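Inspection log for the structure reproduced underneath, given as C-alpha cells.
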Amino acid sequence: MKHIADGTILNNGITMPWFGLGTYKAEGEEVAKAVTTALELGYRSIDTAAVYGNEEEVGRSIAASGVARDELFVTTKVWNDDQGFDTTLSAFETSSRKLGLDVIDLYLIHWPGQSKYKETWRALERLYAEGRVRAIGVSNFQIHHLQELMKDSTIVPAVNQVELHPRFIQKELHAFCSEHQIQIEAWAPLMKGRLQENELLQSIAKKHGKTVAQVILRWEMQQGIVIIPKSVTSSRIKENSEIFDFELSAEELGSISGLDAGERIGTDPDKLLF
C-alpha cells in the first residue's frame with residue numbers, strides 16, 4: 001500500500017486497486033470533471049452504478065483520459081428494479097453501452113432485497129463465464145444474505161461493498177468475508193464528513209501532519225478494506241489520494257476502531273425489501 005495504483009488480489013486472481021473514486025450522486029459535467037481529475041492524479045479505480053445515472057459521463061471521461069484500458073478498474077452495479085436473470089443481462093448490456101466498455105472489471109448486485117438476488121447472481125455468473133466481466137460481487141449484503149447466496153451458487157462473490165467507517169466497522173461481517181476470501185469494500189468511508197470534529201481523529205491527524213479524512217482512509221486501508229471516497233471537488237480528490245506516504249501504528253489503528261458505535265448512516269439492507 002505504498003502507491004495509489006497498488007491493489008489487492010481478489011479470490012479469482014485479478015487485482016483490484018485498494019483506492020478509487022466513488023461517484024454516488026454526481027452527475028453531468030460535475031462527475032465528468034471529477035473522473036478526469038482523478039485519472040490525472042493517478043486514480044485507476046472508478047466506481048459507478050446504473051442508478052447513479054452517470055455511466056455515460058464516466059465512460060466519456062475514461063475514453064478521453066488516454067489511460068490504457070488494462071490499467072483501469074471500473075465497477076458498476078445492477079439496480080433493484082432490474083434484478084432477475086433476463087432483466088439483469090439486459091441491464092448489463094445497457095451499462096456496458098453507456099460506459100463504452102465491452103468488459104466491466106467488477107459487476108455488483110446493488111442491494112440484496114428479499115429473494116431475487118439468487119436469479120440475479122445466476123446472470124452474473126453467466127456474464128463472468130462469457131468473459132463480459134472480470135469479477136462479480138455484491139453490495140450491502142449481510143452475513144445471512146451471503147450464506148444463502150453461496151448455498152446455490154458456483155462462484156463465491158469477489159467483493160462485498162458495504163457501508164463502513166470508524167463509527168460502523170461491521171466487525172462480524174468483515175470477519176466472515178475474510179474467512180470466505182470476499183474482499184470488503186467501503187462506501188461512505190468518511191461517514192459523509194461527520195467525523196471531522198472528532199478529537200481522537202484530530203489528534204492523530206495533527207501528529208502525522210495529515211487531515212482527519214486522510215487518517216480515516218489510511219485506517220481503512222490498513223484494515224485490508226478497499227475504499228472509494230466520493231468527491232467532485234478537485235482539491236478534495238487530491239487530498240483523499242495523499243495517504244500513501246504515512247502509516248498508522250497498531251495503537252492508533254486500535255484506538256480508531258474503538259470509535260465503533262454501530263452507527264449506520266445509510267439504509268439497513270434488511271429493511272430495504274423488494
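Just so it is clear, the model here is predicted, and its values are computed rather than measured.
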Gap separating the CH2 atom of W219 from the CG atom of L217, nearest 0.5 angstrom: 10.5 Å
Less than 3.5 Å apart, which donor and acceptor atoms pair up between the side chains of residues 206-213 and the rest of the protein, not counting sequence neighbours?
| from | atom 1 | to | atom 2 | distance (Å) |
| --- | --- | --- | --- | --- |
| K207 | NZ | E252 | OE2 | 3.1 |
| H208 | NE2 | E252 | OE1 | 3.0 |
| H208 | NE2 | E252 | OE2 | 3.1 |
| K210 | NZ | E242 | O | 3.0 |
| K210 | NZ | D245 | OD1 | 2.9 |
| K210 | NZ | D245 | OD2 | 3.3 |
| T211 | OG1 | Q214 | N | 3.1 |
| T211 | OG1 | Q214 | OE1 | 3.3 |
| T211 | OG1 | E239 | OE2 | 2.9 |

Can you list everything that forms a side chain to side chain donor-acceptor pair (under 3.5 Å) with H3? Sequence neighbours excluded, please. none
Applying side chain to side chain contact (heavy atoms under 4.5 Å, CB included), can you list everything that pairs with K116, at least two apart in sequence or on another chain? Q83
How far apart are the closest heavy atoms of H110 and A49, and which atoms are they? CE1-CB, 3.6 Å
Taking the side chain as every heavy atom from C-beta outward, state whether I14 and F73 have any atom pair closer than 4.5 Å. yes
With rounding to the nearest 0.5 Å, note down the distance linking OG1 in T120 to CG in N80. 9.0 Å
Below 4.5 Å, heavy atoms only, C-beta onward: do I182 and V156 meet side chain to side chain? yes
Going by the rule ring-ring contact (aromatic ring centres under 6.0 Å, His included), which residues pair with F168 if we only count those two or more places apart in sequence or in a different chain? none
dist L101:CG -> L72:CG (nearest 0.5 Å) comes out at 8.5 Å
Look only at the side chain of N160 and the backbone of I184, and say whether a donor-acceptor pair between them is shorter than 3.5 Å. no
Name the atoms and distances for all side-chain donor-acceptor pairs under 3.5 Å in residues 170-178, with sequence neighbours left out.
| from | atom 1 | to | atom 2 | distance (Å) |
| --- | --- | --- | --- | --- |
| Q170 | NE2 | E163 | O | 2.9 |
| S178 | OG | H174 | O | 3.0 |

Taking NZ in K33 as the centre, count heavy atoms belonging to other residues, nucleotides or ligands within less than 6.0 Å. Is the count above 12? no
With side chain to side chain contact (heavy atoms under 4.5 Å, CB included) as the test, would you mind laying out the steps for I62 and V67 before giving the verdict? CA-CA 7 Å; I62 287 171; V67 178; over 6 Å; no
So, taking the atom named CD in Q183 and the one named CG in L10, what distance separates them when rounded to the nearest 0.5 Å? 6.5 Å
Could you tell me whether a side-chain N or O of E220 sits under 3.5 Å from a main-chain N or O of I227, the two making a donor and an acceptor? no
Any salt bridge (charged side-chain N to carboxylate O under 4.0 Å, His left out) pairs touching residues 89-100, not counting sequence neighbours? E93-R132
Would a distance-only check, ignoring hydrogens and angles, find a side-chain to backbone donor-acceptor pair under 3.5 Å from D260 to I169? yes
Starting from the C-alpha separation in whole Å, work towards a yes-or-no answer on side chain to side chain contact (heavy atoms under 4.5 Å, CB included) for M221 and F244. CA-CA 10 Å; M221 207 161 54; F244 296 89; 3.6 Å; yes
For N54, what residues pass the side chain to side chain donor-acceptor pair (under 3.5 Å) criterion, not counting sequence neighbours? T23, T48
Distance-only, no hydrogens or angles: does the S241 side chain make a donor-acceptor pair with backbone N or O of K238 under 3.5 Å? yes
Using a 3.5 Å cut-off and no angle test, enumerate the donor-acceptor pairs between side-chain atoms of residues 186-201 and protein atoms at least two apart in sequence or in another chain.
| from | atom 1 | to | atom 2 | distance (Å) |
| --- | --- | --- | --- | --- |
| W187 | NE1 | N140 | OD1 | 2.9 |
| N198 | OD1 | L200 | N | 3.1 |
| N198 | OD1 | L201 | N | 3.0 |

Test of understanding: with side chain to side chain contact (heavy atoms under 4.5 Å, CB included), list the residues that count as partners of D268, not counting sequence neighbours. Q142, R264, D270, K271
Give a yes or no answer on whether the side chain of T36 reaches the backbone of S61 with a donor-acceptor pair at less than 3.5 Å. no
Side chains of I136 and L127: does their closest heavy-atom pair fall under 4.5 Å? no
Note, L149 side chain near P157 side chain (heavy atom, < 4.5 Å): yes
Shortest non-hydrogen contact from V31 to E57? CG1-CB, 3.6 Å
Between the CD1 atom in I256 and the CD atom in Q223, the distance rounded to the nearest 0.5 Å is 8.5 Å
Contact summary for V78 and A91, nearest pair of heavy atoms: CG2-CB, 4.1 Å
F85 meets the side chain to side chain contact (heavy atoms under 4.5 Å, CB included) criterion, sequence neighbours left out, with L89, E119, R122, A123, R126
Please step through side chain to side chain donor-acceptor pair (under 3.5 Å) for the pair T267 and W111, ending with a clear verdict. CA-CA 10 Å; T267 303; W111 290 89; over 6 Å; no
Any side-chain heavy atom of N12 within less than 4.5 Å of one from Y128? yes
Would you indicate whether the side-chain heavy atoms of V133 and V103 approach each other to under 4.5 Å? no
Sequence-distant partners of S153, side chain to side chain contact (heavy atoms under 4.5 Å, CB included), two or more places apart: W121, E125, M150
Is any side-chain heavy atom of T15 closer than 4.5 Å to one of T8? no
Tabulate below the donor-acceptor pairs under 3.5 Å that side-chain atoms of residues 40-47 make, not counting sequence neighbours, or state none.
| from | atom 1 | to | atom 2 | distance (Å) |
| --- | --- | --- | --- | --- |
| Y43 | OH | I237 | O | 2.6 |
| R44 | NH1 | L39 | O | 3.0 |
| D47 | OD1 | K77 | NZ | 2.7 |
| D47 | OD2 | K77 | NZ | 3.3 |
| D47 | OD2 | Q161 | NE2 | 3.0 |

Other residues, nucleotides and ligands only: do more than 12 of their heavy atoms fall within 6.0 Å of CD1 on I265? yes
Is the closest side-chain heavy-atom distance between L21 and F19 below 4.5 Å? no
To the closest 0.5 Å, what do you measure between CD1 (I9) and CE (M16)? 13.5 Å
Please name the pair of heavy atoms, one in G22 and one in K230, separated by the smallest distance, quoted to 0.1 Å. O-CG, 3.2 Å
Could you check whether Y117 and F141 have their ring centres less than 6.0 Å apart? yes
Kindly say whether L253 contributes a backbone atom to a donor-acceptor pair with the side chain of S257 at under 3.5 angstrom? yes
